[in-house]
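Read the structure below first, then the notes.
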Amino acid sequence: MYQWRKFEFFEEKYAVKCVVPDGEEDNDLATKKITCCSSGRGKVVTGFDDGNVCLFDRGLKFNYAFKPHASSVLFLQQLKQRNFLVTIGEDEQLSPQQSALCLKVFDLDKMQSESSSMTSPDCVGILRIFTNQFPEAQITSFLVLEEVPPILLIAIGLDNGSIYCIKGDIARERISRFKLQVEGHSDKTHSSINGLGFRVDGRSLQLFAVTPSSVSLFSLHDQPPRRQTLDQIGCDGHSIAMSDRS
């Protein structure tokens with residue numbers, strides 16, 4: 001004999017309001033375009049196309065918002081060893097020779113009052129991503145590895161098959177830069193770095209790089225870093241995940 005059973009197909013959701021940093025009227029988050037997202041240390045962090053960043057707790061309850069960039073926040077990552085947030089976004093262009101893209105590091109444990117009603121985390125480091133030695137290209141992926149704090153290793157994947165790496169203490173401006181190159185293609189759609197992943201194996205540090213047509217592995221402990229092709233099949237952007245077991 002059949003019996004009726006009740007199945008819960010839906011979960012209750014709540015609308016969240018976000019106060020914009022410039023003190024204007026409240027905006028529903030649904031009206032903003034989310035450009036990037038990260039999580040860690042019990043927080044969910046979202047970046048928006050208007051330069052704002054919003055932080056939520058474990059229950060997805062809104063904590064606060066601030067504006068790290070003048071325009072869109074393109075990438076961000078919440079660090080886990082320290083309560084730091086690393087962002088890449090568009091700021092005011094100081095000169096035609098300089099790119100408007102900046103990398104910033106915020107200490108979320110140190111808040112500064114911007115006005116009577118708004119606070120913002122302390123920005124401990126600002127870095128121009130592109131230089132004369134590292135020409136500007138479209139950024140397609142971004143990843144930060146915390147080595148021994150305060151040392152960070154930042155990998156920035158580009159649409160031309162290059163990976164710009166920045167290593168050091170950004171807050172004290174003690175950094176070094178180097179470039180990795182996946183086999184180039186005349187068609188950028190086949191060389192774009194769509195995904196990155198670090199793997200630490202003892203003293204060995206490796207970096208995975210995924211393009212639409214390949215999966216490569218760089219051994220960063222070698223000088224210069226050695227690259228090997230793991231697969232001749234890759235994938236498009238937003239289609240890549242790396243497990244906790246690497």
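For reference, positions follow the sequence shown, starting with 1. Worth saying up front: this structure is predicted, and the values here are computed from it rather than measured. Hydrogens, waters and symmetry mates are skipped; everything else that's a heavy atom, side chains included, is used.
Within 6.0 Å of the NZ atom in Lys43, the count of heavy atoms belonging to other residues, nucleotides or ligands exceeds 12. The environment of CD in Glu173 is sparse: at most 12 heavy-atom neighbours from other residues, nucleotides or ligands sit within 6.0 Å.
Criterion: ILVMFWY side-chain heavy atoms under 4.5 Å apart, direct or through other members. Under it, Val124 and Val144 are part of a common hydrophobic cluster. Cluster annotation: Leu79 and Leu145 are assigned to distinct hydrophobic clusters (Ile/Leu/Val/Met/Phe/Trp/Tyr, side-chain heavy-atom contacts under 4.5 Å, transitive). Leu153 and Phe134 are assigned to two separate hydrophobic clusters, defined by single-linkage of ILVMFWY side chains at heavy-atom distances under 4.5 Å. Hydrophobic clustering, with ILVMFWY side chains joined whenever heavy atoms are under 4.5 angstrom apart, groups Leu108 together with Met111.
Looking at Gln206, its side chain never comes within 3.5 Å of a backbone N or O of Val200 through a donor-acceptor pair. At distances below 3.5 Å, not a single donor-acceptor pair connects side-chain atoms of Gln78 with backbone N or O atoms of Val44. For Gln77 (side chain) and Ser38 (main-chain N/O), no donor-acceptor pair under 3.5 Å exists by modelled atom type. No donor-acceptor pair closer than 3.5 Å links the side chain of Ser219 to the backbone N or O of His221. Side chain of Ser214 to backbone of Gly234: no donor-acceptor contact under 3.5 angstrom is found.
Taking a cutoff of 4.0 Å between a charged side-chain nitrogen and a carboxylate oxygen, Lys32 and Asp49 do not qualify as a salt bridge. In this structure, Asp91 pairs ionically with Lys104, as a charged nitrogen and a carboxylate oxygen lie closer than 4.0 Å.
Clustering of Ile, Leu, Val, Met, Phe, Trp and Tyr by side-chain heavy atoms under 4.5 Å joins Ile240 with Phe208, Val210, Val215, Leu217, Leu230, Met242.
Under the 6.0 Å cut-off for aromatic ring centres, Phe106 and Phe66 qualify, their centroids lying closer than that.
For Arg172, the side chain to side chain contact (heavy atoms under 4.5 Å, CB included) test picks out Asp169, Arg174, with sequence neighbours left out.
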Full working for side-chain contact (heavy atoms from CB on, under 4.5 Å) between Lys167 and Ile151: CA-CA 7 Å; Lys167 183 177 182 178; Ile151 302 301; 4.3 Å; yes
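Classified by interplanar angle (parallel below 30°, tilted 30° to 60°, perpendicular above 60°), the ring pair Phe142/Phe75 is tilted.
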